[in-house]
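In what follows, chains are A, B, ... by sequence order, proteins preceding strands, each numbered from 1.
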Number of protein chains: 2
Amino acid sequence: MPAGEYDVVVVGAGILGCASAYHIQRLNPGHRTLLIDRLPAAGQANTGRSAAMFRNVFNSGDNRTLADTSIDYYVHLAREKDVDIGLEMIGYLWLMDERQLKESAPQVQAMEREGVEFRDYSAGELKKMMPSLTTEFQPGGEHELMGLEPVAGGLFAKKCGALRPEKLVYHYVDEFVRLGGKVAFNTEATELLLEPDRKLGLEHEPFAWQESRITGVAVRGDLHGEIRSKRTVLATGAWANGLLEPRGMDSHTKAKKRQIFRVGTSGSPELGGLLRTEGFSEHKTIPFVILPRSGIYIKPVKSENAFWLGCDEEVNRAYIDVPPELDELQPEASHYENNIRPVLKEYFPAFAGARPSSMWAGLFGINSIDHLPYVFAESGVVVVAGDSGSGIMKGDAIGRIAAGVCEGSDEARLYGGASYSVGRLHYRDRKVEQEKWLL
Amino acid sequence: MPAGEYDVVVVGAGILGCASAYHIQRLNPGHRTLLIDRLPAAGQANTGRSAAMFRNVFNSGDNRTLADTSIDYYVHLAREKDVDIGLEMIGYLWLMDERQLKESAPQVQAMEREGVEFRDYSAGELKKMMPSLTTEFQPGGEHELMGLEPVAGGLFAKKCGALRPEKLVYHYVDEFVRLGGKVAFNTEATELLLEPDRKLGLEHEPFAWQESRITGVAVRGDLHGEIRSKRTVLATGAWANGLLEPRGMDSHTKAKKRQIFRVGTSGSPELGGLLRTEGFSEHKTIPFVILPRSGIYIKPVKSENAFWLGCDEEVNRAYIDVPPELDELQPEASHYENNIRPVLKEYFPAFAGARPSSMWAGLFGINSIDHLPYVFAESGVVVVAGDSGSGIMKGDAIGRIAAGVCEGSDEARLYGGASYSVGRLHYRDRKVEQEKWLL
C-alpha cells in the first residue's frame, strides 16, 4: 500500500496520539487524517506498560486543569456514555512521616483552596483499616540504618484512580475512524520530510539559505514510501527525539526506564486481606498507595489478585535521549530487590517474603524542567511530548490542545467548556506553573 | 599520580571552565581547587575552534549584561593590564535587505534605548567603502531563484570584535595557578561519583531510597582514580550530557556541529582589497559581516591574509545529545559549496572562484529554549552549559556566576560591580529574558 497525501498525519498511537487524532478529526470532520504506529495496535508501547493511574492532585494550576478536565471526560465516558474503559475510582493515599506531613501542609492547603478534595487519616485510623501496615517501628530495626520514619498519617484524594489504557485508546481510535479518520498500524516513521517552500529541483535541497518546513514523514511497513501532510503531529512519546534531532529540532524531553513488578497475593492471607481492604472506596480495595519519601507505590489489582509495585527514581536512573525499541529494554529484578523491597517490607512486612511473579519495563518521556507536557508547532510539525508519566491522566486535554495547535488556534476548549491558551505549553515563552508535587 | 581530595574540581578547561576556576579561586584564596581537561592544554576543544568573536548586541537584557561586563573585563585586561588576548575591536556589521531593515527596527531601537551603540550605513555608503559588495542585483540572476534581496543598508555595532581564545584561557589558567589552583591536563572525567549521605557499606549503593549526591569524578589519564570534592563544576560544554545522563541529570542543552572555512586572499586583488577596507575601525579591515537572512558570516583575519566563513544552521543540522570526540568530527566541503558559497557570491562576487584553503569542525552546546546559558547546582554538581556559541563573549560573567553558585551565594558580582542574581540562570524558575537576536 503506498503512502499518499493527507491533511494531518499523527505519528504514534499511544494515548496522546490517539486522543490528538480523535480531537483533530472531531474539530475537522472533512479532514483526511491518518494515524500511524509501528506496532500492530494502539497503546501497545508505553501507554500499555504504564501503571495507568490518574489523579487530580497537582500543585500546578495547569496540571490540575489538564488532569481535572480529562478525568471528568473519562468519568463521562464511563458513566454517561457507558464506555468500558475499566475506570475504578480507588483514590490515592500518600503515607507520610511526621516531617512530611508538616512540610506538605502548605501545598495541600493551597490545593484544597483550589478545589482538590482530600481526606486526612491518622496513623491509628490507617492501622485499623490496614492491619498489615506498620505504623510504629521497633528500636534497632533496619529502618534506622535506612533513615526511614514511621507513618504518621495519610493524605487521601478521591478524584483519583485507575483505568485500562488499552480500552481508552481503542475508544479514541474507534471514534476517530467513525468520524472518517484512517489508521495504519505496522507502519514506522523513519524520517521527517523537510522541503523548501520554493523548490529549485536541485540535489541536496533544502539548503541552509532556503525557507523550509516539514512536509510529512517517510514510512516503512504496511505503508511504505512518503506520506505528505499539511501538518505532522509527532506523538511518539519517549522516542520523539529520534525523529526531531536529525532535523535540528528537539522535543526538550528525555526518557527514563520505568519498571513495574507484579506480586500476587496467593499463599499470603495478609496480602490477600490488604488487597480486599474495605472503607476507602466502593471497590473494596486499598487506594493507590505511595510510601513515605521513597517514590515507591503500590497499586492494587483485584482482577489479578495482585499488587503492582514501582518506584520513581529521580537520581541515578539514566536519562535516555533516543531510547531503543521496547523489546531491548529489560526489567531488572535487582531494582525490586535493592530499591523497592527494603522499604516496602518496613512499612508492609507482609511483602517481606513476596517475590514478583512478573515484571515489565517501559519508558516515560520526561520534561525535567517543569514536569508539564510540551505541545508546540515548529517548522510544520506539532510536537506533543513530555507528559512525564502522566499522559493517560491528562490525555484528553492534551489531545484537545494538540488539535488546537494543529489548527493554529490560540485557545483550545477542554472538556466541560473551559478554554485553555495553547501557547502556555510551547517551550518558548512558556507560561505554565511548574509542578512540584511529583508523586 | 593518584587523584586526591579537593574543595572544588572543575571539569573542562574551555573558556567557561577556565573562567570559573579562576573566579572560584579568586573568591576563595585558601581553596584547594583543581581544574582538569582530557586534552593536553586549555582551550584546545571547541573554545579554540570557534570564530572567537564577541558582541554586546542582544535583545535579552540578561545577555547584554553577561556580554557587556565580559567585554569590559577583556578590554580592561588588554588596555589596562596589558595582557595580550589578541583583542581587536573591529565591530559587527549586519547587512540587511529592505524588509529586514524594517523588521529589525523596533528591536534595534529597543537595544539603543538600553545603551547599545549602533551606526547605520546606507547601501551607497557601504558600496563606497567596500566596492566588492553588490548592492544592486541584475534582473534574471540566480538571486531571484534563491529568493535573495539586495542589501539595502547595514547596521554596525562597535563594542564588538575578535579575540584570541587560547590567549584568554591561558591568562585565566595562569592567574588561577598563581592564586594556588592546581591543573591536570590529559585527565578525562569518566564518571560522576554518586554517594549516599549516610553510607551503609553495602554493595550497589546508593539505592533509590537513599539521599545521595555527587561527591567527585572518576578520572583516567595523567590523574587516575577518584577525585573527591565538595563541589564538582561541570564545564564540559557540548559534552555535558555524557556525564550527567547516567546519573539521571540533564544539561538541558544539545550540541550542533559548527564549521569554519578559511579562504585566503592571495591571487585575488579584490578579496585583498576587501580585507584591507578602511573606515570601519582602527584595524583597517572589514567588520565581522553577517549576510542577509542566511546566517552566513565573514570574519576578516588580516594576520592570515584570509577570511573565515561560517553559517549557523537552525533547521536541518542535527542536534547531537552526546557528541563524539572532536577528531571524529569532520568538516564538510559540501557545506561550503551548498550552503555558504551560493549566497556569498551573490553579495560578494569576488568569492565566486575562491575555495577554502582549510576548514575545521567543532561543536557548540545550545540551549534552544532561550539561547542563554544555564548555571545551576543540583545534587552537588554545578552545571555550566548552553552558551549557544557565545561562551567566549560572556565567559567572564558566566565564570563569576558559576563561582557564586559554587559558594551558594544568591548574587554574583560581575566586572564593573554590577550584581547579578544567579538564580536567573537556573533551569528551574528561570527568570531570563529570551534571546531573539541570534546572529
Nearest atoms (heavy-atom pairs only) where B/Y319 meets A/G248: CE1-O, 3.1 Å
Rounded distance [0.5 Å steps], CZ in B/F207 versus OG in A/S334: 10.0 Å
Student check: side-chain heavy atoms of A/N241 and B/K254 closer than 4.5 Å: yes
Atom CD of A/Q107: over 12 foreign heavy atoms under 6.0 Å: yes
Toward chain B, the part of A/I369 with a non-hydrogen atom under 4.5 Å: both
CD/A/E142: more than 12 non-hydrogen atoms of other groups inside 6.0 Å: no
Heavy-atom side-chain contact between A/S212 and B/N316 under 4.5 Å: no
Under 4.5 Å from any heavy atom of chain B - which part of A/Q434: side chain
Neighbour count above 12 (heavy atom, 6.0 Å) for A/E144 CD: yes
Backbone N/O of B/A208 and side chain of A/N339: donor-acceptor pair under 3.5 Å: yes
A/P206 versus chain B, the contacting section by heavy-atom distance below 4.5 Å: both
Smallest separation among heavy atoms of B/R198 and A/G147, with atom names: NH1-CA, 3.4 Å
Euclidean distance, A/H204 NE2 relative to B/E337 CD, rounded to 0.5 Å: 10.5 Å
Note, B/V322 side chain near A/D321 side chain (heavy atom, < 4.5 Å): no
Top contributor to chain B interface from A/E313, A/R317, A/R293, A/E314 [non-hydrogen pairs under 4.5 Å]: A/R317
Proximity breakdown for A/F376 and chain B, heavy-atom pairs closer than 4.5 Å: neither
Contact class of B/Q210 relative to chain A, heavy atoms under 4.5 angstrom: neither
When A/L194, A/L202, A/D312, A/L192 are compared by non-hydrogen pairs under 4.5 Å with chain B, the top option: A/L194
Chain B contact via A/L200 - which portion, at a heavy-atom distance below 4.5 Å: side chain
Selection from A/D370, A/V343, A/L148 maximising heavy-atom pairs under 4.5 Å formed with chain B: A/V343
Contacting moiety of A/K436, where chain B heavy atoms sit under 4.5 Å: side chain
Residue B/E332 excluded, over 12 heavy atoms near CD under 6.0 Å: yes
Side-chain donor/acceptor of B/W209 to backbone N/O of A/N338, under 3.5 Å: yes
Smallest separation among heavy atoms of B/S368 and A/H252, with atom names: OG-CE1, 3.0 Å
A/E245 side, atom CD; B/K256 side, atom NZ - distance, nearest 0.5 Å: 10.5 Å
Best-contacting candidate, B/P342, B/S294, B/P246, B/P196, against chain A by heavy atom pairs under 4.5 angstrom: B/P246
